[in-house]
Amino acid sequence: MEIVTFESLDAGQLAGAAIILRTALDGPSYKGEGEAEAQVSTFLQRKERFALAALEGGRILGWIGAVRGYSHALELHPLVVDPVNQRLGIGRALVSALETHAVAEGFLTLHLGTDDWVGGTSLGGVALFPAVLQKLQQVRPLGRGHAYFFYLKLGFEPVGLLPDANGPGLPDILMAKALPRVLPTNS
Ligand SMILES: CC(C)(COP(=O)(O)OP(=O)(O)OC[C@H]1O[C@@H](n2cnc3c(N)ncnc32)[C@H](O)[C@@H]1OP(=O)(O)O)[C@@H](O)C(=O)NCCC(=O)NCCS
C-alpha cells in the first residue's frame with residue numbers, strides 16, 4: 001500500500017474516492033447525486049484543504065482530508081476506508097501520514113468531530129443536557145461500535161460533545177490529539 005496526495009490521483013481514482021465517501025459514512029452526508037464528487041473536488045480546489053489517499057495496485061482503498069482552520073490546529077475531515085477493506089490498518093496508516101504532514105506544516109494539534117448517527121455510542125439517542133461532559137466521560141460502545149473508539153486507540157482524546165448537532169439525539173463528539181513538536185535546530 002502507498003499513500004499519495006490527491007494531486008497525484010487520476011480521474012478514475014478521484015471518482016473512487018467519491019464512491020468511498022458516499023458508501024463508508026453513516027448518516028445522510030454526501031448521499032445526494034454529485035455531493036460526494038463535489039466534496040472530493042474541494043480538496044483539490046481550496047487552498048486551506050488537502051487530502052491523502054491509500055492506494056493498492058492503483059486502486060483507492062481509503063482517504064483522509066484536512067482543513068487548515070486555525071493557525072496551529074488542523075482539522076481531520078473526513079476519514080473514510082472502503083467498507084470491504086476496513087480493520088486492515090488502512091485508517092491507522094492514513095492518520096499517521098496526515099500527522100506527518102501536519103507536523104511538517106507546524107501544526108500543534110489535530111482535531112476532529114465524529115458524529116454518532118447510528119447509536120454506536122452511549123451518547124446517541126439520549127438527552128445529554130444537563131451535565132453533558134459527565135456523560136462524555138462515561139461513553140461506551142453500543143451495537144456495532146463507532147469510530148470514536150478507533151480514534152481513542154490512535155491517541156485522540158475527547159475534548160467536547162455537541163448535543164443534537166445533527167438532530168434530536170444525534171450528537172457530534174469532538175476529539176483532539178497533541179502532535180509532536182519540531183524543535184528548532186541550532187545553526
Ligand atoms: C473508522 C475507520 C476510518 C477506521 O479505519 P480502519 O482501516 O477500519 O481501521 P484500522 O484497521 O486502521 O484500525 C486501527 C485500530 O482501531 C480499531 N478499530 C477500527 N475501527 C474501530 C471501531 N469502529 N471500534 C473500535 N475499534 C476500532 C482496530 O481494531 C485497530 O485496533 P488494533 O490496532 O488494536 O488492531 C473506518 O472503519 C471507516 O472508514 N469507517 C466508516 C467511516 C467513518 O466512520 N469515518 C470516521 C468519521 S469521523
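As the structure lists them, so they are numbered: ligands from 1, and atoms in each ligand from 1.
The protein heavy atom nearest to atom 40 (N) of ligand 1 is Gln86 NE2, 3.5 Å. For atom 1 (C) of ligand 1, the nearest non-hydrogen atom of the protein is Ala147 CB, 3.8 Å. At the shortest separation from atom 25 (C) of ligand 1 among protein heavy atoms lies Phe149 CB, 3.6 Å. In this structure, the protein non-hydrogen atom closest to atom 15 (C) of ligand 1 is Arg92 NH2, 3.8 Å. Taking atom 22 (C) of ligand 1 as the reference point, the nearest protein heavy-atom neighbour is Arg87 NH2, 3.1 Å. Nearest non-hydrogen protein atom to atom 16 (O) of ligand 1 is Phe150 CD1, 3.4 Å.
We find that Lys31 and Asp26 are not joined by a salt bridge, their nearest charged nitrogen and carboxylate oxygen being 4.0 Å or further apart. Contact check on Glu75 versus Arg68 returns no salt bridge, with no Lys/Arg side-chain nitrogen under 4.0 Å from an Asp/Glu carboxylate oxygen.
Checked against a 6.0 Å centroid threshold, the rings of Tyr70 and His111 count as neighbours.
Contact annotation: for Leu88 versus ligand 1, heavy atoms closer than 4.0 Å belong to the backbone alone. Looking at Arg144 against ligand 1, nothing comes within 4.0 Å, counting heavy atoms.
Ligand 1 lies out of reach of Tyr148, whose nearest heavy atom is not under 4.0 Å from it. The closest approach between any non-hydrogen atom of Leu112 and ligand 1 is not below 4.0 Å. Within the 4.0 Å heavy-atom shell around ligand 1 one finds Ala24.
For a threshold of 3.5 Å applied to N or O pairs, the pair formed by Tyr151 and ligand 1 contains no separation below that value. The shortest N or O to N or O distance between Val81 and ligand 1 is under 3.5 Å. Note: no N/O pair closer than 3.5 Å links Leu25 and ligand 1 by distance alone. Geometrically, ligand 1 and Gly91 share a nitrogen or oxygen pair separated by less than 3.5 Å. Distances between N or O atoms of Asn85 and those of ligand 1 include no value under 3.5 Å.
A distance-only check finds a donor-acceptor pair linking the side chain of Thr23 to the backbone of Ile19 [under 3.5 Å]. A donor-acceptor pair is defined here as one N or O able to donate and one able to accept, closer than 3.5 Å; no such pair exists between the side chain of Thr109 and the backbone of Ala178. Remark: side-chain polar atoms of Asp172 are not paired, donor with acceptor, to backbone N or O of Ala165 under 3.5 angstrom. Proximity of a side-chain donor or acceptor of Lys135 to a complementary backbone N or O of Leu128 within less than 3.5 Å is detected. Although no hydrogens or angles enter the test, the distance criterion places no donor-acceptor pair under 3.5 Å between the side chain of Asp82 and the main chain of Asn85.
Between the choices Leu76, Leu79, Thr23, the shortest heavy-atom distance to atom 43 (C) of ligand 1 belongs to Leu79. Counting heavy atoms only, Lys153 comes closest to atom 30 (C) of ligand 1 of the residues His146, Met175, Lys153.
Heavy-atom neighbours of Glu48 CD from other residues, nucleotides or ligands within 6.0 Å: above the threshold of 12. In the displayed structure, Glu33 atom CD is contacted under 6.0 Å by at most 12 heavy atoms of other residues, nucleotides or ligands.
Ring geometry for Phe6 against Trp63 counts as tilted: the plane angle lies between 30° and 60°, on a 0 to 90° scale.
Side chains of His72 and Glu105: no donor on one and acceptor on the other come within 3.5 Å.
The distance from ligand 1 to the heavy atoms of Val80 drops below 4.0 Å at these ligand atoms: 39 (O). Atoms of ligand 1 found under 4.0 Å from any heavy atom of Gly89, numbered from 1 in the order shown, are 10 (P), 11 (O), 12 (O).
For the pair Arg49 and Phe43, the cation sits on the ring face: its NZ or CZ lies under 6.0 Å from the ring centre, inside 45° of the axis.
There is a protein heavy atom less than 4.0 angstrom from atom 12 (O) of ligand 1.
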